[in-house]
Every structure is written in structure tokens, then in C-alpha cells.
Amino acid sequence: MTVAFFSGKARRAGVALGAVSAGLLVLSACGSKPTPIATVTVGSDSYNTEAAENCYDEKGLKESRVQECLSAKGGEEVEVSVDDRIRFGVDPEIAENGWTIFLDGERAEQEPYTKTYRSISASSFFAPGMGGQTSPDVRVALLETDAKTKKAIGVYRFVLKKV
């Protein structure tokens with residue numbers, strides 16, 4: 001004769017508690033936290049990205065790595081019309097450090113911005129270049145820089161595609 005030590009309900013609760021505990025243990029074992037997020041919003045469409053692969057280090061990126069990250073192709077693709085307003089948003093952690101916009105690998109502003117949000121006309125990104133030509137797309141990188149050490153921490157990339 002067998003004796004049930006726990007009712008069916010108690011066994012199910014125990015199994016559920018064990019599964020939750022195991023899940024939390026696995027998550028805590030990962031040891032790495034996700035990088036902050038940068039967002040571009042055009043109209044009602046939002047595009048989010050973490051720092052580009054191998055382009056984030058809380059202790060600071062090597063200068064050679066920063067240049068590679070800023071000049072690399074690719075990034076979250078965002079379709080824009082020259083009449084649109086492009087809204088950039090960053091996590092508070094990025095804003096605390098400061099962030100600068102780069103266009104096609106070149107610094108677009110002198111000082112890091114320290115607020116979580118800003119809005120810029122899309123026409124600013126598609127101004128005619130030499131010879132009066134405009135590019136159909138522009139690589140935009142947001143460079144997060146440590147306010148104290150002035151070291152680059154992360155690069156978040158987007159590609160603005162003119163429609």
C-alpha cells in the first residue's frame with residue numbers, strides 16, 4: 001500500500017516553485033546585463049537598438065574599436081521623408097553619460113547631449129553634398145561617452161533611408 005505524501009495540488013505547486021527557482025538561477029548565472037537602448041521614432045513608428053556588436057564596454061572602448069564601430073555599415077533601418085521629424089530617445093543611463101550624433105562616421109555636433117530625448121528635422125540629414133547630390137541613405141551613429149573619463153562606451157547605429 002502506498003501513501004501519498006502530498007496532494008496533487010501541493011505537488012503541482014512544488015513543481016512550479018522549483019521551475020521558477022531554476023529559471024531565476026539560470027538568469028542570475030548569465031552575469032551580463034543587457035546594454036542600454038537607443039530609439040528612433042518617425043511618425044508613429046519606433047525603431048530600437050542595443051549597442052552594435054562588439055561596440056559596447058562600460059569600462060571604455062579602445063579608440064581603434066570606436067572608429068571601426070562608427071564607420072561600419074549596417075544598423076536598424078528607418079524609412080523617412082525629408083518632411084518628417086526624427087525623434088531620438090536614449091535610456092537615462094546613456095543620457096547621464098552623454099551622447100553625440102555621428103553622420104556617416106563623422107561627428108555632427110561638438111558637445112555630448114545629456115537629455116534623453118531630442119527631435120531633429122529629417123531634412124537636416126539629407127542636405128545636398130558636394131555637387132548638389134543627396135544620398136538616398138545616411139548612416140547615423142549615437143556615441144555614448146563617459147562624462148568623467150571622456151571614453152567612448154557604446155555605439156548605437158541606425159540607417160535613415162529616404163523615401
Side-chain angles (χ1 to χ4, degrees), residues 20 23-24 26-28 30-163:
V20 168
L24 290 174
V26 168
L27 285 176
S28 67
C30 290
S32 64
K33 64 180 187 175
T35 62
I37 301 287
T39 303
V40 169
T41 303
V42 178
S44 61
D45 297 324
S46 290
Y47 307 85
N48 302 309
T49 190
E50 289 186 16
E53 186 176 342
N54 299 317
C55 294
Y56 183 85
D57 186 344
E58 288 179 330
K59 296 175 184 140
L61 293 166
K62 292 181 180 165
E63 188 59 36
S64 61
R65 188 74 204 135
V66 173
Q67 290 309 314
E68 288 175 24
C69 292
L70 289 173
S71 60
K73 303 239 186 258
E76 186 71 29
E77 292 188 6
V78 180
E79 291 187 349
V80 298
S81 164
V82 292
D83 298 330
D84 288 330
R85 293 233 24 109
I86 302 173
R87 293 176 294 283
F88 294 91
V90 297
D91 282 354
E93 181 181 329
I94 297 172
E96 252 178 55
N97 287 321
W99 53 287
T100 307
I101 294 176
F102 281 71
L103 301 176
D104 290 328
E106 300 294 323
R107 182 183 290 268
E109 53 196 356
Q110 294 302 315
E111 296 296 318
Y113 197 71
T114 57
K115 296 187 177 169
T116 59
Y117 171 84
R118 67 192 302 184
S119 178
I120 302 172
S121 172
S123 62
S124 302
F125 295 94
F126 295 102
M130 295 181 88
Q133 298 291 326
T134 60
S135 175
D137 59 297
V138 177
R139 290 179 294 118
V140 177
L142 306 181
L143 174 68
E144 177 185 1
T145 310
D146 185 296
K148 295 175 189 160
T149 66
K150 304 296 184 208
K151 287 187 174 185
I153 295 173
V155 177
Y156 307 81
R157 293 194 304 245
F158 297 90
V159 177
L160 303 180
K161 294 203 167 274
K162 187 167 62 171
V163 291

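Heavy atoms only: backbone and side chains are in, while hydrogens, waters and symmetry mates are out. Since the model is a prediction, treat every value here as computed from it, not as a measurement. We number each residue from 1, following the sequence as shown.
Here T116 contributes atom OG1 and I94 contributes atom CD1; the two are 10.5 Å apart, rounded to the nearest 0.5 Å. Rounded to the nearest 0.5 Å, atoms CD (Q110) and OG1 (T100) are 9.0 Å apart. Here the CZ atom belonging to F158 is positioned 15.0 Å from the CG atom belonging to D137, to the nearest 0.5 angstrom. One distance of note links NZ of K151 with OG1 of T145; it measures 12.5 Å at 0.5 Å rounding. Going from atom OH of Y56 over to atom CD of E144 covers 5.5 Å, rounded to the nearest 0.5 Å. With values rounded to the nearest 0.5 angstrom, N97 atom CG is found 8.5 Å from T149 atom OG1.
Here the closest non-hydrogen pair linking L142 and A38 is CD1-CB, 3.9 Å. For R157 against C55, the heavy-atom pair with the smallest separation is NH1-SG, 4.1 Å. Residues E109 and I101 approach most closely at OE2-N, 2.8 Å, considering heavy atoms. In terms of heavy atoms, V155 sits closest to L143 at CG2-CD1, 3.7 Å. Taking every heavy atom of both residues into account, R139 and V159 meet most closely at CG-CG2, 4.4 Å. For the residue pair R87 and V42, the shortest heavy atom distance occurs at NH2-C, 4.2 Å.
No donor-acceptor pair under 3.5 Å is formed between the side chain of D84 and the backbone N or O of I86.
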Exercise. Before giving the answer on side chain to side chain contact (heavy atoms under 4.5 Å, CB included), spell out for T49 and I37 the whole-Å C-alpha distance, their side-chain angles and the decisive distance to 0.1 Å.
Key: CA-CA 6 Å; T49 190; I37 301 287; over 6 Å; no
Quiz prompt | Step-by-step side chain to side chain contact (heavy atoms under 4.5 Å, CB included) determination, V80 to F126 | solution = CA-CA 10 Å; V80 298; F126 295 102; 3.4 Å; yes
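Counting only residues at least two apart or on different chains, the side chain to side chain donor-acceptor pair (under 3.5 Å) pairs with a member in residues 63-82 are E63-Q67, R65-E68.
Counting only heavy atoms from C-beta outward, the side chains of F88 and W99 approach each other to under 4.5 Å.
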